[in-house]
Amino acid sequence: MNLVLTEEQRELRGTVRSFLAAASPLPDVRRAAESESGYDPAVYRRLNGELGLAGLIVPQEYGGAGAGYAELAIVLEETGAALLPGPFLATTLAAILLTELGDKELLPDIAAGTTVATVALDGDRALNGAEADVVLMVDGARVRAVRGGGRTPLTTLDPTRRQARVEAVAGEAVASSEAGMERVRDLFAVAVAAEQLGVLRASLDAIVAYSRIRVAFGRLIGSYQGVKHKLADMHCKLEQAESIVRNAAWAADEAPGELPLAAALAQAYVGRACFEVARDSLLLHGGIGFTWEHDAHLYYKRAKSDEVLLGPPRIHRARLADLLEL
Amino acid sequence: MNLVLTEEQRELRGTVRSFLAAASPLPDVRRAAESESGYDPAVYRRLNGELGLAGLIVPQEYGGAGAGYAELAIVLEETGAALLPGPFLATTLAAILLTELGDKELLPDIAAGTTVATVALDGDRALNGAEADVVLMVDGARVRAVRGGGRTPLTTLDPTRRQARVEAVAGEAVASSEAGMERVRDLFAVAVAAEQLGVLRASLDAIVAYSRIRVAFGRLIGSYQGVKHKLADMHCKLEQAESIVRNAAWAADEAPGELPLAAALAQAYVGRACFEVARDSLLLHGGIGFTWEHDAHLYYKRAKSDEVLLGPPRIHRARLADLLEL
Amino acid sequence: MDLEEYRRRARSWLEANARRSRDEDDPGADGVAAAKAFMADLYDAGYSGISWPAEWGGQGLSQAEERAFAEEAKDFTLPTYVFSIGLGMCGPTLVDLGTPGQKARHLRPLLRGEEIWCQLFSEPGAGSDVAALQTRATETEDGWVVSGQKVWTSVAQHADWGLLLTRTDVDVPKHKGLSMFVVDMHAPGVTVRPLRDMTGRAHFNEIFFDDVHIPAENLVGRVNDGWNCAVTTLLHERLSISSGVGMGGQKDNPVAFEALRHTVDTGDPLVRDQLVELYIRSRALALFNQRLAQETKAGIFPGARGSAAKLLLAELSMFQADLATSLAGPEAVAYEDGGRLADSISLAPALSLGGGTNEIMRNIIGDRVLNLPPEPRVDKTVPFKDLKTGTRQ
Amino acid sequence: MDLEEYRRRARSWLEANARRSRDEDDPGADGVAAAKAFMADLYDAGYSGISWPAEWGGQGLSQAEERAFAEEAKDFTLPTYVFSIGLGMCGPTLVDLGTPGQKARHLRPLLRGEEIWCQLFSEPGAGSDVAALQTRATETEDGWVVSGQKVWTSVAQHADWGLLLTRTDVDVPKHKGLSMFVVDMHAPGVTVRPLRDMTGRAHFNEIFFDDVHIPAENLVGRVNDGWNCAVTTLLHERLSISSGVGMGGQKDNPVAFEALRHTVDTGDPLVRDQLVELYIRSRALALFNQRLAQETKAGIFPGARGSAAKLLLAELSMFQADLATSLAGPEAVAYEDGGRLADSISLAPALSLGGGTNEIMRNIIGDRVLNLPPEPRVDKTVPFKDLKTGTRQ
């Protein structure tokens with residue numbers, strides 16, 4: 001089991017972090033979120049071009065980098081922390097599904113960043129369903145790639161990520177198998193947990209920083225145990241969440257037998273911890289955290305949206321109970 | 001609904017509180033708990049004689065005071081807060097059962113304080129089963145009064161209250177009915193919740209008092225938000241627990257239709273709150289709270305024992321779900 | 001007239017004149033006009049300012065009548081939202097501390113709904129710590145000139161008058177250099193800007209004062225005694241909030257137990273148990289609130305214990321919105337119509353922040369209910385100009 | 001010899017000489033004799049003090065060998081409990097700060113198990129706040145005379161020597177008037193009394209010093225520099241605890257997930273979900289501990305982050321004992337035989353109190369991991385004699 005980043009992985013993290021800090025800081029995130037498409041295609045061109053992130057886990061034979069889930073988790077943690085708007089997670093989920101299915105048709109364009117793809121997660125709902133060129137619709141073991149068809153944008157709690165209802169028109173069949181779909185769902189769980197880890201970390205960082213500069217009753221608020229002890233508990237959640245995500249990514253790469261339990265744990269623990277930390281971060285900011293202009297609510301809304309993205313949270317706990325044969 | 005004590009009820013509380021403070025302070029409780037019978041019969045003679053508490057809810061026609069559950073709850077809160085050792089709760093439960101069954105034989109001696117009675121709660125286990133003259137054994141709708149027979153003392157977590165396994169020898173049948181037994185179980189729940197309220201209050205009072213005199217790092221510990229905010233949360237539990245107990249006692253006296261829900265709520269809320277407060281009180285005392293000589297562990301152990309006295313706590317929640325028709 | 005008769009008459013007036021629908025946060029201009037008309041009727045019928053002094057436009061009756069009317073009114077919805085700050089906080093402060101001139105000028109129009117009031121205490125750098133406020137009032141020949149910024153101001157967009165707390169001396173400790181004024185919200189230099197909150201709507205306003213002139217006679221209380229005046233106002237605020245805390249508002253709430261039980265899958269034992277948890281918490285708080293109300297009736301004043309009810313309500317609001325969205329799953333956060341669960345999770349933090357944060361509530365409970373020793377204070381003796389306040393980069 | 005060869009040889013020695021059963025808290029006189037014999041064998045085989053200086057009886061090898069042996073030893077149970085304070089805290093402190101005479105006299109017998117050590121810092125009035133201690137050492141012609149009381153002292157009933165922290169100057173702030181000594185536990189005036197804890201057993205002792213004479217050469221470090229010496233000891237304590245935290249101890253634990261899953265009714269969905277919760281918390285902490293261990297191996301020193309692991313372990317211990325007793329119901333708290341659940345709930349608070357309370361851990365995480373601003377301190381500048389300490393009626 002490998003829970004510590006390698007030198008190369010730390011470099012990857014640094015690169016993505018610096019890129020996002022420069023290319024998609026939070027004021028730009030807000031502007032992009034209010035734009036027509038909901039994101040900035042120029043940022044995506046650089047993200048997929050210079051950094052090659054669209055093809056990160058796509059096999060090299062299809063033009064991807066052939067990297068592992070350990071690397072993917074690092075990237076998703078950063079895009080989560082930066083609240084990168086647009087279809088990055090959506091396309092990543094599609095790439096995961098297609099890679100597992102051994103697809104040859106769609107992956108090259110996805111890896112090249114020229115096709116925006118998404119997966120209908122919950123019947124006919126898809127992240128960035130209105131913006132995607134291709135929607136992968138899953139029905140049991142059958143997967144179809146749908147282009148066109150009606151796309152009805154949904155109102156979302158999270159202003160930084162859109163969703164749409166997708167009309168189930170006919171599409172090309174993509175090869176598939178029942179057993180494979182179990183693994184795909186586990187991999188989705190790992191990917192979402194990695195993003196949640198980033199949201200959790202950024203929420204904690206924000207309130208820690210604010211606690212060092214905000215004064216109430218003549219003292220920095222971080223010096224009050226009422227704040228300090230809450231932040232310490234939030235830090236404990238971060239440490240555990242990070243350990244769980246690294247373990248799940250390692251299992252995805254190296255230990256397929258351990259993946260189901262590791263993935264269910266990742267959703268059950270990290271999803272909850274992320275919302276709790278985002279919530280407490282917002283609350284500890286005081287009144288300013290309740291304003292639209294402050295970023296705390298963006299993390300809070302992303303955290304809640306991610307917590308239910310793969311279904312009501314209890315399904316992850318039920319899956320744990322099954323896998324543990326309780 | 002009446003949630004506020006009357007003038008007379010406040011007087012009753014004051015009388016019982018003063019009596020227990022003088023007749024059964026905690027050093028005496030420890031001595032009595034380590035004595036052969038586990039309690040001080042002299043205290044009981046006065047409790048049942050001067051104060052007439054053994055017959056508090058026994059109808060006047062059988063020599064009791066014919067008081068209501070509002071009064072009984074006040075008394076049990078005080079005996080709980082004082083950790084009164086011995087069969088007071090046991091005999092109270094027996095008096096509740098017999099009063100509901102309309103018994104004429106046993107109640108006069110119980111009310112007079114000359115018979116120590118108890119109820120086998122969980123098949124053949126009874127509070128103070130070894131010390132009791134009479135054990136009421138319940139089997140469905142049948143109730144038998146057993147005198148003699150084998151009594152095997154159990155080891156108890158709580159040093160201040162004993163339990164025993166009771167041999168199911170033949171005994172006199174006591175009149176009974178299925179419907180009545182439901183109500184009896186609810187009344188037991190109210191009685192135990194009242195005791196828990198007392199344990200909760202005394203645990204909180206102890207740590208509040210200590211926080212006002214204990215210094216760490218040059219400051220009284222109660223001035224640290226790490227302590228103060230926990231105590232505030234504990235106070236919130238006390239306020240709610242008291243409201244719930246008063247409501248349940250009122251329902252027992254005045255609103256039989258509301259009793260089942262009020263009683264299940266009392267066990268579900270107050271049992272948990274009582275343990276949490278006793279636990280946090282012990283922990284906030286620091287190292288001294290872990291010593292045998294300090295009283296914190298007596299409250300902690302009573303709280304845990306009371307929490308499971310009427311069965312695993314989940315049964316109260318399950319009953320709530322049923323009563324709410326969820 | 002005995003109390004029962006009073007109550008009966010009040011009820012029949014309400015039945016004839018009051019709505020039973022929901023009040024609105026921001027009624028708009030038409031709504032304000034309608035509300036003013038209703039207040040005039042209410043006043044003329046003798047039900048506005050029931051326990052206020054008759055000399056200044058009140059009815060001069062006792063708290064018993066005031067409470068009797070309030071109890072009857074609970075079954076109705078009176079369109080009094082825009083007047084609530086004036087009736088609950090500003091007016092009572094003037095009754096206690098105002099000059100005869102101020103009372104004569106302001107109380108009757110306030111009670112009759114002719115003029116709307118707001119309260120101007122909080123600032124961006126002075127939220128929980130109101131006494132750290134920076135808005136300066138400088139004395140001139142004929143009064144004062146005020147500059148600064150206020151925030152979290154309800155109904156300011158409709159307000160004619162404001163009760164304003166300012167700093168008048170920076171060379172003394174922060175509590176000792178404040179003064180309170182009545183300010184004309186239509187005066188030159190006053191700018192009201194809606195403040196968009198995390199729900200995306202504007203429930204509050206920011207107010208900017210740019211060299212606003214205030215006549216000398218608008219001073220409330222004495223110069224530099226503003227903190228004591230503010231404490232009076234906040235006491236009235238707490239009373240008017242705590243009398244309502246947790247007593248209602250759950251009826252139409254889509255995340256409250258009674259609504260949720262009909263919308264979730266109670267066939268799942270785990271879902272059922274979470275509903276049980278919600279029932280336990282809701283009922284525990286409701287019973288506590290009922291006990292406080294019964295105590296108040298019996299003459300036992302709840303005092304700081306009301307802060308426990310406020311804290312618990314804030315936590316319950318967060319718990320139930322969180323639970324409801326978690327139970328509903330993806331459709332709670334992405335939807336074609338509805339969105340009531342998304343609204344509830346967006347609004348859930350409000351109660352934990354407004355009217356004192358959860359941390360402030362815990363301090364109050366610790367200090368004033370449990371009599372715990374106070375936190376050592378560094379800000380009570382330092383001259384304000386040397387004190388750290390607000391946000392320091 | 002390369003590391004793998006070292007490891008192989010260590011393992012075969014352990015297989016030939018070590019037990020695999022549980023160590024005991026208080027082994028009794030026979031147990032102590034057996035433990036001393038084992039330590040002598042361990043020392044003679046070259047596995048005691050592996051990384052300690054060869055000059056003073058150690059093996060003079062590196063941390064790599066020390067760690068290799070410790071890893072192999074995890075599969076065995078070495079009867080080293082009574083030596084753990086000496087090996088983990090007192091010895092390393094002397095290595096760092098002792099005089100050549102102290103090292104020559106004490107280290108070899110300590111490593112060979114000939115003499116047992118205890119640590120004497122905590123007092124009834126100085127638990128979390130060790131520097132508030134009251135035990136006085138007064139200088140005499142040929143050394144010092146000590147009076148006072150210590151508490152929470154493990155293995156003192158078997159100890160030959162103690163590392164003692166005392167106050168030598170009350171006119172300076174509390175951290176500046178402390179001195180550390182080596183004290184002979186058999187000296188006249190030393191009384192060791194078992195301290196009964198809430199489990200009903202005596203895991204610790206109280207030690208009373210009644211005009212105990214300590215020779216001048218037993219001073220460790222400089223006079224009034226005792227706080228810095230104590231920080232060294234506590235650093236070693238933290239290292240020796242954190243290397244073990246949460247890594248074991250769950251195997252035989254009746255309230256741990258693996259045991260509980262076999263003893264509760266998993267047919268009840270609610271019980272099953274509570275076991276899932278326990279699994280989640282246990283696994284989350286286990287993975288965090290594994291990550292810390294991997295980081296340490298990779299040269300990333302965990303530092304204060306170990307306090308998070310300690311806090312989480314304390315909370316998990318309480319959570320699982322509470323859960324197990326709640327699931328089991330009445331028989332958990334009243335029983336004929338067994339009583340393992342009752343034991344676990346009695347022992348559960350220990351980890352939240354020993355080695356720093358949960359509050360102290362949260363302070364450490366806040367201050368040293370998150371770099372939050374410190375609590376204002378009133379006790380760092382006041383002369384000790386004017387400082388409030390302990391319990392004040």
Side-chain angles (χ1 to χ4, degrees), chain B residues 121-122 125 127 152-159 161-165 210 212-221 224-227 230 271-272 275-276 279 282-294 296-298 300-301 304-315 317-318, chain D residues 122 124-129 131-132 151-152 174 195-202 204 268 270-271 274 318 322 325-339 341-342 345-346 348-350 352-354 357-359 362-363 375 377-380 382 387-393:
Chain B
L121 285 167
D122 176 24
R125 257 162 224 272
L127 290 182
T152 313
L154 301 172
T155 308
T156 53
L157 171 68
D158 177 1
R161 182 141 66 202
R162 300 192 177 178
Q163 300 196 30
R165 190 177 298 286
Y210 189 62
R212 293 196 196 119
I213 58 167
R214 175 69 178 185
V215 173
F217 305 102
R219 274 169 57 184
L220 292 167
I221 62 170
Y224 291 103
Q225 290 187 348
V227 174
K230 272 231 173 84
R272 181 87 287 245
F275 177 72
E276 288 172 349
R279 174 198 68 198
L282 187 150
L283 292 179
L284 289 172
H285 274 89
I288 200 175
F290 193 63
T291 61
W292 184 266
E293 296 313 319
H294 197 277
H297 74 98
L298 299 177
Y300 173 86
K301 290 168 178 172
K304 176 47 83 174
S305 304
D306 273 2
E307 189 187 12
V308 298
L309 181 62
L310 301 177
R314 64 183 176 279
I315 66 169
R317 296 173 70 95
Chain D
S122 296
S128 299
D129 182 12
V151 77
W152 301 119
K174 68 178 185 178
L195 176 69
R196 199 173 168 204
D197 66 34
M198 66 179 278
T199 67
R201 294 186 295 272
F204 302 98
D268 181 332
L270 298 179
V271 174
Q274 296 200 282
M318 181 52 87
D322 184 15
T325 44
S326 291
L327 289 179
E331 64 199 41
V333 302
Y335 42 89
E336 282 180 79
D337 340 276
L341 297 185
I345 196 76
S346 285
S352 296
L353 299 170
T357 62
N358 293 354
E359 284 70 35
R362 292 191 178 96
N363 279 340
E375 186 95 13
R377 288 284 288 268
V378 296
D379 61 332
K380 287 201 155 174
V382 185
L387 188 67
K388 278 201 279 191
T389 59
T391 308
R392 296 276 161 118
Q393 294 295 345

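So that the names make sense, note that chain A is the first sequence line, chain B the second, and so on, each numbered from 1. Since we're looking at a predicted model, the values are computed, not measured.
- No other option in Gly354(D), Ala132(D), Ser128(D) has as many heavy-atom pairs under 4.5 Å with chain B as Ser128(D).
- For chain B, the nearby parts of Arg196(D) are the backbone and the side chain; heavy atoms of each come within less than 4.5 Å.
- For the pair Lys388(D)/Leu220(B), a side-chain contact is recorded, criterion being any heavy-atom separation below 4.5 Å from C-beta on.
- Of the atoms belonging to Leu327(D), heavy atoms from both backbone and side chain fall under 4.5 Å from chain B.
- Using a 4.5 Å cut-off between heavy atoms, Arg162(B) does not touch chain D at all.
- A salt bridge is absent between Arg219(B) and Asp379(D); no separation between the charged side-chain nitrogens and carboxylate oxygens falls under 4.0 Å.
- With a 4.5 Å cut-off on non-hydrogen atoms, Arg317(B) does not touch chain D at all.
- In this structure, the portion of Arg362(D) lying under 4.5 Å from any heavy atom of chain B is its side chain and not its backbone.
- Contact annotation: the side chain of Ile345(D) approaches that of Tyr300(B) to within less than 4.5 Å [non-hydrogen atoms, C-beta and beyond].
- Within the 4.5 Å cutoff, the side chain of Glu375(D) has heavy atoms near those of the Tyr224(B) side chain.
- Your options are Ala348(D), Ala328(D), Ala332(D), Gly125(D), and the one with the most heavy-atom pairs under 4.5 Å with chain B is Gly125(D).
- Interface remark: Lys380(D) contributes no atoms to any contact with chain B (heavy atom separation under 4.5 Å).
- Residues Val333(D) and Asp158(B) form no side-chain contact, since every pair of their non-hydrogen atoms from C-beta on lies 4.5 Å or further apart.
- The part of Leu284(B) that comes within reach of chain D is its side chain, from C-beta onward, which places non-hydrogen atoms under 4.5 angstrom from that chain.
- Ile288(B) contributes atom CD1, which lies 6.0 Å from atom OG1 of Thr391(D) (distance to the nearest 0.5 angstrom).
- Remark: Glu331(D) CD to Gln163(B) CD distance equals 11.5 Å, nearest 0.5 Å.
- If you measure heavy-atom distances from Glu359(D) to chain B, the contacts under 4.5 Å come from the side chain alone.
- Neither the backbone nor the side chain of Gln274(D) comes within less than 4.5 Å of any heavy atom in chain B.
- When the candidates Asp197(D), Asp268(D), Leu353(D) are compared by the number of heavy-atom contacts under 4.5 Å with chain B, Asp197(D) comes out ahead.
- Contact detail for Ser352(D) and Leu283(B): the closest heavy-atom pair is CB-CD2, 3.6 Å.
- Considering only heavy atoms from C-beta on, Ser326(D) stays 4.5 Å or farther from Phe275(B) through its side chain.
- Between Asp322(D) and Arg279(B), the closest side-chain pair of non-hydrogen atoms falls below 4.5 Å.
- Between Ser305(B) and Pro330(D), every side-chain heavy-atom pair lies at or beyond the 4.5 Å cut-off.
- Taking the six-membered ring where tryptophan is involved, the planes of Trp152(D) and Phe290(B) are tilted, since the angle between them lies from 30° to 60°.
- Taking CG of Leu270(D) as the start and CZ of Arg314(B) as the end, the distance is 8.0 Å to the nearest 0.5 Å.
- Both the backbone and the side chain of Ser346(D) come within less than 4.5 Å of a heavy atom in chain B.
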